[in-house]
Amino acid sequence: MPDRLIGLLTLLVAKRAGATETFVVDVSPERLEKAKSLGVTYVINPVEENAVIIIAKKINKKSQTLKKVHNLFYTKDCRWK
């Protein structure tokens with residue numbers, strides 16, 4: 001399977017498993033656009049923005065608003081090797 005599809009497949013599995021908010025971080029504008037078309041909540045290009053700060057702010061804001069703890073699962077570097 002091409003490397004570029006592993007991350008998108010992971011996104012689809014997460015959504016199918018019940019993820020309500022999803023983040024995709026990538027340097028490729030094409031992959032970010034594809035992620036948007038698949039329904040990802042947030043796309044972040046780390047060349048343009050600090051992904052760690054953005055994700056932390058989004059999670060903290062939701063936690064304060066909803067008054068509950070969020071389960072956060074993540075994958076790093078979804079590439080077939």
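Hydrogens, waters and symmetry mates play no part in the numbers below; they use all other heavy atoms, side chains included.
Atoms CZ and CG, on Arg16 and Leu9 in that order, are 13.0 Å from each other to the nearest 0.5 Å.
Take Glu33 and apply the salt bridge (Lys or Arg N to Asp or Glu O under 4.0 Å) test, not counting sequence neighbours, and it matches Lys36. Checked against side-chain contact (heavy atoms from CB on, under 4.5 Å), Ile54 has the following partners two or more places apart in sequence or in another chain: Ile44, Glu49, Lys58. Listed by chain and number, the residues in a salt bridge (Lys or Arg N to Asp or Glu O under 4.0 Å) with Lys15 amount to none (sequence neighbours excluded).
If you chain together hydrophobic residues whose side chains sit under 4.5 Å apart, Ile55 and Val52 never meet in one group.
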Side-chain atoms of residues 22-30: list all donor-acceptor pairs with protein atoms under 3.5 Å, sequence neighbours left out, distances to 0.1 Å.
residue : atom : partner : partner atom : Å
Thr22   : OG1  : Thr41   : N            : 3.1
Asp26   : OD1  : Ser28   : N            : 2.8
Asp26   : OD1  : Arg31   : NE           : 3.3
Asp26   : OD1  : Arg31   : NH2          : 3.2
Asp26   : OD2  : Arg31   : NE           : 2.9
Ser28   : OG   : Glu30   : N            : 3.4
Ser28   : OG   : Glu30   : OE1          : 3.1
Ser28   : OG   : Arg31   : N            : 3.2

